[in-house]
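Quick caveat: nothing in here was measured; it's all calculated off a predicted structure. Side chains are part of it too, since the values below use all heavy atoms of this structure and drop only hydrogens, waters and symmetry mates.
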Amino acid sequence: CGAYRYANDPSFKILLFGYSEDYGQPTVVDLASGEEIPKQILCALEDPSILKTAYNAPFERTCLAAGLGVECPPEQWECTMVLAAQMGLPLGLDAVSKALRLSTDKAKMSEGKALIRYFCMPCRPTKINKGRTRNLPHHAPKKWEVFKTYCGRDVAVENLVRQKFLKYKPDATEHRFWCLDQKINDAGIRVDLALVRNAIELDTATKEALTEEAIKLTGMDNPSSVAQIKDWLLDVEGIDVESLNKKEIPALREQLSDERTLKFLDIRSELAKSSTKKYDAIVRSACADDHVRGLFQFYGANRTGRFCLAEDTRVLVRTQGGKVLEKPIQSVLLSDEVWDGEEWVHHEGVVSSGVKEIITYDGVTATRDHCVYTSSEEKMRLEDAMEKGVKLWQGNTPSTE
């Protein structure tokens, strides 16, 4: 749902607060166990003469403002993640640690994700956990101590990364752009939630009606099951279908003669549309004042250094004259061949899909439903890969000589 909605929730509170002063030894304040942040640190957070830094500073700014009630104007902050992005490195701290080949004792701890799920997310009530919906420090003291160590390690890794990149820090103009980006994200965009909820309700009713129609038409128990569809097509048309991939449907339609199968493919196409998922994303991300915030990722568009608008995404192409170079996606010509990770391929031109919500995972910034490869043979939606923690596959890059 994004950091803004996360921090805006009534259940939100800060459990651990890790910090260091002037790259010194990290300190972790255990707020969940009753410890308090030192007064001089609280004063420093609001002192305009003291620079605050963090990796992915928007998250810190948003959470500190919500959790501690302190003002965190972007002019007093700098984001180390932006420095990493400007060096051509991935956005995640863990990925940056690996790219810099930091030793195990200096890199981000791998236990963090599991501990965040355990302590920072609701848990399912069971007889074993006596029906609780949250795991607190006293429920797993040893895990909690590891969690505190993880928090402190993050501070140390962020400091190390920042010190490595400080000599490449851009001038003050770039920081002013980042501050503008933060103010835009802080302000957000107001949405009509009544319209959004009505759209979701209409979409749900439409899909239920189409599913019922598909069941009556085919007799299947589950008309979204690929295996059942293939069996049904074999019975009705006598065709053994290998794939129901979107790209294969036009060729498949040409082989069909029964009106029922053609009608079913039309229904399946309607049910497969993902355009309505943006409404679900809006409901998830809207804050209490009906504003969606955090829609821009500064330096998310690789190498452009600007707000993440996909029209400037760089694409590796081979021109008609055989020259290999990078172009902004909107400048790619029909005569250009595009590198797909394995070979040069032809394309049918750039298609504008409008403005969509984006996410960043494993160094890739794209829409949630953008297909990414997890191996040379398999691919899935970027959002699914992120939720499952699947590492993305990197194809070979051709020589640009």
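Every pair tested for ring pair (Phe, Tyr, Trp, His ring centres under 6.0 Å) that includes a residue from residues 27-53 fails, sequence neighbours excluded, so the list is empty. Among pairs with a residue in residues 185-195, those fulfilling salt bridge (Lys or Arg N to Asp or Glu O under 4.0 Å) read Arg61-Asp186, at least two apart in sequence or across chains. For residues 86-134, every residue pair satisfying the ring pair (Phe, Tyr, Trp, His ring centres under 6.0 Å) rule, not counting sequence neighbours, is listed here: Phe119-Trp144, Phe119-Phe147. Residue pairs meeting the salt bridge (Lys or Arg N to Asp or Glu O under 4.0 Å) criterion with at least one partner in residues 196-205, sequence neighbours excluded, are Asp203-Lys207. The ring pair (Phe, Tyr, Trp, His ring centres under 6.0 Å) analysis of residues 218-260, with sequence neighbours excluded, yields the pairs Trp232-Phe264. Pairs of residues two or more places apart, or lying in two chains, that qualify as salt bridge (Lys or Arg N to Asp or Glu O under 4.0 Å) and include a residue from residues 24-37 are Asp30-Lys148.
Under a cut-off of 6.0 angstrom, the local environment of CD in Gln40 is crowded, with over 12 non-hydrogen atoms contributed by other residues, nucleotides or ligands. Residue Glu71 qualifies as open at atom CD: its count of foreign heavy atoms under 6.0 Å is 12 or below.
Ring planes of Phe59 and Tyr6: parallel class, angle under 30° (limits at 30 and 60°).
Looking only at side-chain heavy atoms (C-beta outward), Cys43 and Ile50 stay at 4.5 Å or farther from each other. The closest side-chain heavy-atom distance from Lys263 to Glu213 is below 4.5 Å. Looking at Val146 and Met109, their side chains come closer than 4.5 Å, going by heavy atoms from C-beta outward. Contact annotation: the side chain of Leu31 never approaches that of Leu16 to less than 4.5 Å [non-hydrogen atoms, C-beta and beyond]. For the pair Cys63 and Phe12, the minimum side-chain heavy-atom distance is below 4.5 Å. Tyr55 has its side chain out of reach of Asp154: every pair of non-hydrogen atoms, C-beta onward, lies at least 4.5 Å apart. Counting heavy atoms from C-beta outward, Leu93 and Lys108 have side chains that approach closer than 4.5 Å. Considering only heavy atoms from C-beta on, Tyr19 stays 4.5 Å or farther from Lys52 through its side chain.
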Could you walk me through whether Thr126 and Asn129 pass side-chain hydrogen bond (donor to acceptor under 3.5 Å, both in side chains), step by step? CA-CA 5 Å; Thr126 64; Asn129 68 18; 3.2 Å; yes
Tell me, with the steps shown, if Leu316 and Trp344 meet side-chain contact (heavy atoms from CB on, under 4.5 Å). CA-CA 10 Å; Leu316 194 63; Trp344 296 107; 4.1 Å; yes
One pair to check against side-chain contact (heavy atoms from CB on, under 4.5 Å): Ser97 and Val157. What are the steps and the verdict? CA-CA 8 Å; Ser97 298; Val157 176; 3.5 Å; yes
Verdict with reasoning, Ile184 to Leu295, per side-chain contact (heavy atoms from CB on, under 4.5 Å): CA-CA 9 Å; Ile184 292 171; Leu295 296 176; over 6 Å; no
Verify side-chain contact (heavy atoms from CB on, under 4.5 Å) between Arg176 and Leu180, making sure each step is shown before the conclusion. CA-CA 6 Å; Arg176 288 198 295 271; Leu180 173 61; over 6 Å; no
Criterion salt bridge (Lys or Arg N to Asp or Glu O under 4.0 Å) on Arg284 and Asp280, from CA distance to verdict: CA-CA 6 Å; Arg284 287 198 309 270; Asp280 296 315; 5.7 Å; no
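Contacts of His291 classified as ring-ring contact (aromatic ring centres under 6.0 Å, His included), with partners at least two apart in sequence or in another chain: none. Remark: Asp290 pairs with Leu193 by the side chain to side chain contact (heavy atoms under 4.5 Å, CB included) rule, at least two apart or across chains. For Ser20, the side chain to side chain donor-acceptor pair (under 3.5 Å) test picks out Asn159, with sequence neighbours left out. Shown here are the side chain to side chain contact (heavy atoms under 4.5 Å, CB included) partners of Lys130, two or more places apart in sequence or in another chain: there are none. Every side chain to side chain contact (heavy atoms under 4.5 Å, CB included) that Leu166 has, sequence neighbours left out, goes to Tyr23, Arg162, Lys169. Residues passing the side chain to side chain contact (heavy atoms under 4.5 Å, CB included) test with Ile215, sequence neighbours excluded: Thr211, Pro223.
Once rounded to the nearest 0.5 Å, the distance linking CG of Asp384 with OH of Tyr361 reads 11.5 Å. Summarising the geometry, atom CD belonging to Glu111 is positioned 8.0 Å from atom CZ belonging to Arg153; distances are rounded to the nearest 0.5 Å. From Glu326, atom CD reaches atom OG of Ser331 across 12.5 Å, with rounding to the nearest 0.5 Å. For the atom pair CD1 (Ile239) and CG (Leu252), the distance works out to 6.0 Å, reported to the nearest 0.5 Å. A distance of 15.5 Å separates CH2 of Trp178 from OG1 of Thr173, quoted to the nearest 0.5 Å. Atom OG of Ser285 sits about 12.5 Å away from atom OH of Tyr4, to the nearest 0.5 Å.
Here the side chain of Glu78 pairs no donor or acceptor atom with the backbone of Leu51 at under 3.5 angstrom. No side-chain donor-acceptor contact under 3.5 Å links Thr261 to the backbone of Ser257. Under the 3.5 Å distance criterion, the side-chain polar atoms of Thr206 are matched with a main-chain donor or acceptor of Leu202. The closest donor-acceptor contact from the side chain of Arg293 to the backbone of Asn185 lies at 3.5 Å or more, if one exists at all. With hydrogens and angles disregarded, no donor-acceptor distance shorter than 3.5 Å links the side chain of Asp181 to the backbone of Phe177.
The minimum heavy-atom distance between Ala385 and Leu392, with the atom names listed, is CB-CD2, 3.9 Å. Here the shortest heavy-atom pairing between His175 and Glu75 reads CE1-O, 3.8 Å. Here the shortest heavy-atom pairing between Gly18 and Val155 reads C-CG2, 3.6 Å. A pairwise comparison of heavy atoms in Cys72 and Ala65 identifies SG-N, 4.2 Å as the closest pair. Contact record, Val70 with Leu64: CG2-O, 3.7 Å, taken as the closest heavy-atom pair. Considering every non-hydrogen atom in both Ala7 and Ala66, the closest pair reads O-CB, 3.6 Å.
Ion pair Asp266/Arg253 flagged as a salt bridge, since at least one NZ, NE, NH1 or NH2 atom sits closer than 4.0 Å to an Asp/Glu carboxylate oxygen. Under a 4.0 Å N-O distance rule, the pair Glu237/Arg260 does not qualify as a salt bridge.
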